[in-house]
Asks: 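Below you will find the structure I want to go over with you.
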Amino acid sequence: MENYFSGYRCSICKREFDPSQVQYTCPYDGGNLDVLFDYDAIRHRYAMDDITSRVNYSLWRYSPLLPVNDPGLPPSPLGNAGWTPVFQPQQLKAALGLSDLWVKDEGRNPTASFKDRASAVVLARAMEIHADITVTASTGNAGAALAGMAAATSQKAVILAPRTAPPAKIAQLMVYHAHVILVDGNYDDAFDLSINASREFGWYCRNTGFNPFTAEGKKTAAFEIWENVLSGLNLSQQPLNIFVSVGDGNIISGLHKGFKDLEALGWLDKMPRLFGVQSSGSAAIANAFQAGTEEITPVKADTIADSISVNLPRDGVRAVRAARETGGSYLVVEDAEILQAIADLGRNGIFAEPAGAACLAGLKKAIKDGMTTPCDPVLLVVTGSGLKDIRSAVKAVGEAPVIEPTLNALKNLLEKM
Ligand SMILES: *Cc1c(COP(=O)(O)O)cnc(C)c1O
Ligand SMILES: [Zn+2]
């Protein structure tokens with residue numbers, strides 16, 4: 001299998017680098033690096049159907065469009081990431097008064113979040129460059145994705161997470177037997193420490209918005225949306241409106257990259273509009289978008305949605321551009337609205353963690369503000385499973401009543417309901 005990875009381009013200064021020249025961010029200005037491909041060669045070798053007719057139902061079906069080779073693993077967390085289900089939640093669609101609504105449930109990835117896409121591609125890269133140990137800072141999900149896949153492929157992973165991460169996420173890291181170290185600080189502290197540690201000890205660093213391959217993994221969700229939703233949609237009128245929660249900004253910039261790749265190949269009819277959703281307690285990127293700048297001013301993050309709680313987003317510039325260049329926007333929602341969205345999704349059979357439900361809170365706001373109209377087709381990216389954060393689930397929907405195990409007690413209760 002060939003691969004068409006040809007180099008990097010800095011998103012700030014536009015300098016280009018060979019694959020062997022740099023590894024993480026731009027050495028001149030710290031800008032995020034876009035991964036470049038030889039699109040002409042891809043187009044020459046592959047027609048659209050050659051990709052969409054492949055029988056591999058994981059993100060590796062897109063390996064000709066990835067900067068790493070398909071590691072060709074038997075079924076495993078690394079081999080099976082991606083290709084998550086897309087469905088139309090009928091009740092939610094009716095409740096919102098939309099004519100077309102899809103949910104893409106990323107909680108159905110091997111370790112139950114969108115982060116599996118990034119970790120799969122980064123770990124495949126780690127194998128290619130024979131990295132011994134891979135480290136990541138994480139609020140929980142990126143670490144779980146790295147840890148689970150490292151375990152499955154006998155690689156070593158070091159995870160630095162804030163000690164305040166939801167207990168289920170920390171337990172998941174421990175179950176996968178990664179080297180888990182909790183820091184007495186926030187995600188940003190863990191982030192800085194992991195970069196210093198990777199320099200000091202020569203570890204390969206997966207960090208979101210630092211390692212250019214994370215966005216390459218995340219872009220595969222755009223390919224799946226293209227294949228599973230856009231192909232069946234008559235987009236001559238309205239573009240698909242995609243809502244996704246934003247922390248570091250790497251998922252939204254990854255989605256944007258995926259659609260730009262398809263555009264460069266001449267395979268995309270109409271660019272979807274990308275809407276980022278942030279919590280009011282962690283809105284650095286939305287603030288920049290609204291101020292009309294690419295300058296990201298750090299905030300003091302505080303939100304129930306731990307996966308999008310970040311002071312200084314590490315992929316902020318490209319995240320602002322993802323919305324601006326696609327005619328999308330940013331929405332800022334309150335924690336109470338996120339909890340309500342958990343309950344609303346649950347009613348439709350979808351169990352999301354707070355950051356996974358935030359997209360719905362944002363969609364409601366966009367409808368209210370007229371940014372999305374009822375005839376616009378909409379897709380919600382639910383980024384993580386509700387099983388990741390039970391405390392927030394209980395906050396959203398309360399606890400069940402407890403009764404004596406008798407028919408009388410049950411009757412008494414039912415009368416009160
Ligand atoms: C990481 C994460 C996000 C946000 O992704 P960014 O790339 O940090 O913007 C959203 N939801 C969940 C569940 C996540 O784990
Ligand atoms: Zn640069």
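Reckoned from all heavy atoms, side chains included, excluding hydrogens, waters and symmetry mates. Along the sequence shown, residues carry numbers from 1. Start at 1 and go down the list; that is how both ligands and their atoms are numbered.
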Asks: Would you say Asp116's side chain and Thr111's backbone share a donor-acceptor pair under 3.5 angstrom?
Replies: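 Yes: the side chain of Asp116 pairs with the backbone of Thr111.
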Asks: By number and element, which atoms of ligand 1 are closer than 4.0 Å to a non-hydrogen atom of Asn250?
Replies: 6 (P), 7 (O), 9 (O)
Asks: Can you find a side-chain donor-acceptor pair between Glu106 and Thr383 that sits under 3.5 Å?
Replies: no
Asks: I need the atoms of ligand 1 closer than 4.0 Å to a non-hydrogen atom of Gly384, numbered in the order shown.
Replies: 13 (C)
Asks: Taking non-hydrogen atoms only, is Lys388 closer than 4.0 angstrom to ligand 1 via side chain, backbone, both or neither?
Replies: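 Neither part.
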Asks: Measure the acute angle between the ring planes of Phe201 and Trp203, then classify it against the limits of 30° and 60° as parallel, tilted or perpendicular.
Replies: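 Taking Trp203 first and then Phe201, their aromatic rings sit tilted (interplane angle of 30° to 60°).
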Asks: Can you tell me how the ring of Phe5 sits relative to the ring of Phe213, calling it parallel under 30°, perpendicular over 60° and tilted otherwise?
Replies: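 Phe5 and Phe213: perpendicular rings.
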Asks: Tell me, please, which residues at least two apart from Trp83 pass ring-ring contact (aromatic ring centres under 6.0 Å, His included).
Replies: Tyr57
Asks: Taking side-chain hydrogen bond (donor to acceptor under 3.5 Å, both in side chains) as the definition, give me every residue that meets it alongside Ser198, ordered by chain and number, with sequence neighbours left out.
Replies: none
Asks: Look at atom 11 (N) of ligand 1 and say which protein heavy atom is nearest, naming residue and atom and giving the distance to 0.1 Å.
Replies: Thr383 OG1, 2.7 Å
Asks: Any donor-acceptor pair under 3.5 Å linking the side-chain atoms of Arg117 with those of Thr220?
Replies: yes
Asks: My understanding is that we take every heavy atom of each candidate and find the minimum distance to atom 2 (C) of ligand 1. Doing that for Gln278, Glu106, Lys115, which one comes out nearest?
Replies: Lys115
Asks: Restricting to under 2.8 Å, identify the protein N, O or S atoms around the Zn ion (ligand 2) as residue plus atom.
Replies: Cys10 SG, Cys13 SG, Cys26 SG, Asp29 OD1, Asp29 OD2
Asks: Could you tell me, atom by atom, which parts of ligand 1 come under 4.0 Å of a heavy atom of Asn141?
Replies: 13 (C), 14 (C), 15 (O)
Asks: For the side chain of Glu224 and the backbone of Thr84, is there at least one donor-acceptor N/O pair under 3.5 Å apart?
Replies: yes
Asks: Mark up the atoms of ligand 1 that fall under 4.0 Å of a heavy atom belonging to Lys218, in ascending order.
Replies: 7 (O)
Asks: Quick test of your reading: applying side-chain hydrogen bond (donor to acceptor under 3.5 Å, both in side chains), list the pairs with at least one residue in residues 244-260, sequence neighbours left out, ordered by first then second residue.
Replies: Tyr187-Asp248, Thr214-Asn250, Glu216-Lys257, Lys218-Asn250, Asn250-Asp315, Ser253-Asp315, Lys257-Asp261
Asks: Go through the side-chain N and O atoms of Tyr204 and Asn211 and say whether any donor and acceptor fall under 3.5 Å apart.
Replies: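 The criterion, which ignores hydrogens and geometry beyond distance, is satisfied for Asn211 and Tyr204.
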Asks: Determine whether the side chains of Ser309 and Asp306 contain a donor N or O and an acceptor N or O closer than 3.5 Å.
Replies: no
Asks: Measure the distance from atom 8 (O) of ligand 1 to every protein heavy atom, then report the residue, atom name and distance (to 0.1 Å) of the closest one.
Replies: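 The answer is Asp248 N, 2.8 Å.
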Asks: Within the 4.0 Å heavy-atom shell around Glu353, which atoms of ligand 1 are there?
Replies: 13 (C)
Asks: Show the atoms of ligand 1 that are less than 4.0 angstrom away from any heavy atom in Val246.
Replies: 9 (O)
Asks: In ligand 1, which numbered atoms sit nearer than 4.0 Å to a non-hydrogen atom of Ile308?
Replies: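 So the atoms of ligand 1 that pass are 3 (C), 4 (C), 10 (C).
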Asks: Looking only at protein heavy atoms, identify the closest one to atom 10 (C) of ligand 1 and say how far it is in Å.
Replies: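 Atom 10 (C) of ligand 1 sits closest to the protein heavy atom Ser245 OG, 3.1 Å.
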Asks: May I ask you to list the atoms of ligand 1 that are less than 4.0 angstrom from any heavy atom of Gly247?
Replies: 4 (C), 6 (P), 8 (O), 9 (O)
Asks: Taking Asn196 for its side chain and Leu193 for its backbone only, find out whether a donor-acceptor pair lies under 3.5 Å.
Replies: no
